[in-house]
Amino acid sequence: MNIFRLTGDLSHLAAIIILLLKIWKTRSCAGISGKSQILFALVFTSRYLDLLTSFISLYNTTMKVIYIGCAYATVYLIYAKFKATYDGNHDTFRVEFLVVPVGGLAFLVNHDFSPLEILWTFSIYLESVAILPQLFMISKTGEAETITTHYLFFLGLYRALYLINWIWRFYFEGFFDMIAIVAGVVQTILYCDFFYLYVTKGEGRSQLSIPT
Amino acid sequence: EATDSIKDEL
């Protein structure tokens, strides 16, 4: 494991924990897209089914369990515990427009036509676009709380670091996985506009306003 | 099939 992969994982973990703590501490999930969080729970569930079939390392298993656990805890907080604060009226992205095409693509373009492999591919494709309901919600309300922007920053940073990890692995190990790389590039590009606003306008402000 | 090398990633 190289340093980019490790910092990518830690950045991903930071994002997940930041969101969970924000909701827990403020007793509110205002401004958070429950739909994006359901998609992420779906991503982790379909990708980490190999927890049941193979053991890779203690690190790998631990992180997967934490990611899955946190994803479902977040969904629980949004849709059950703090349901009253959930901003459903602004969370109107049609997720079937993501899940159905992504599911179809996973069937058509994969490494091997087997159930686990198709689910893994599905999770890779779905993850690349799972943040869209959240970005859509922010563009609709026109603003995001600072802590939410930190969450998005770490989530975007994670995939950007993975891209550097894959460049590193290509040069030093001759390794590359086209499905992961293409989806990873798409995922990172979706955050670019946000990164720009985060860096140029986020400093010293309590809220990030996104021009619609 | 995707290699074990990519499956090792999260």
Side-chain angles (χ1 to χ4, degrees), chain A residues 1-2 4-6 8-13 16 43-44 47-51 53-57 59-68 106 109-114 116-121 123-124 127 158-159 161-163 165-166 169-170 173-181 183-184, chain B:
Chain A
M1 189 189 316
N2 59 62
F4 303 109
R5 157 75 202 284
L6 181 63
D9 285 349
L10 294 178
S11 174
H12 197 184
L13 187 64
I16 293 169
V43 164
F44 291 139
R47 186 177 310 166
Y48 299 156
L49 285 173
D50 63 353
L51 275 174
T53 61
S54 56
F55 177 80
I56 294 165
S57 65
Y59 171 83
N60 192 278
T61 302
T62 309
M63 293 296 262
K64 284 175 175 173
V65 170
I66 292 174
Y67 286 177
I68 292 179
V109 184
N110 53 53
H111 292 302
D112 181 48
F113 201 77
S114 65
L116 271 183
E117 195 63 27
I118 291 170
L119 282 168
W120 179 83
T121 313
S123 83
I124 295 288
E127 183 187 352
Y158 136 69
R159 219 49 176 176
L161 285 165
Y162 256 67
L163 285 185
N165 157 53
W166 290 326
R169 294 189 69 180
F170 178 73
E173 301 169 28
F175 165 86
F176 80 100
D177 183 289
M178 196 51 90
I179 287 178
I181 290 171
Chain B
E1 198 169 336
T3 58
D4 292 340
S5 196
I6 193 80
K7 294 286 174 67
D8 175 37
E9 295 185 348
L10 298 165

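What's counted below: heavy atoms across the whole structure, side chains too, no hydrogens, waters or symmetry copies. Residue numbers start from 1 in every chain, and the chains themselves are labelled A, B, ... in the order their sequence lines are given, proteins ahead of strands. Just so it is clear, the structure is predicted and the values come from calculations on it, not from any experiment.
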Roughly how far, to the nearest 0.5 Å, is CZ of A/Arg169 from OG of B/Ser5?
3.5 Å
From the list A/Asn110, A/Asn60, A/Ile179, A/Leu116, the residue making the most non-hydrogen contacts under 4.5 Å with chain B is A/Asn60
Region of A/Phe176 in contact with chain B, defined by heavy-atom distances below 4.5 Å
neither
Look at atom OH of A/Tyr59 and say whether more than 12 heavy atoms of other residues, nucleotides or ligands are closer to it than 6.0 Å.
yes
Apply side-chain hydrogen bond (donor to acceptor under 3.5 Å, both in side chains) to A/Tyr162 and list each qualifying residue two or more places apart in sequence or on a separate chain.
A/Arg5, A/Asp9
Does any heavy atom of chain B fall under 4.5 Å from the side chain of A/Tyr67, the backbone, both, or neither of them?
side chain
Applying side-chain hydrogen bond (donor to acceptor under 3.5 Å, both in side chains), name anything that partners A/Arg159, two or more places apart in sequence or on another chain.
A/Gln187
Please lay out, stage by stage, how B/Ile6 and A/Trp166 fare under the test side-chain contact (heavy atoms from CB on, under 4.5 Å).
CA-CA 10 Å; B/Ile6 193 80; A/Trp166 290 326; 3.9 Å; yes
Supply the atom-to-atom distance B/Glu9 CD to A/Met63 CE, rounded to the nearest 0.5 angstrom.
12.5 Å
Quick one, B/Leu10 and A/Tyr158 - any side-chain contact, counting heavy atoms below 4.5 Å?
no
Using heavy-atom distances under 4.5 Å, tell me whether A/Asn165 contacts chain B through its side chain, its backbone, both, or neither.
side chain
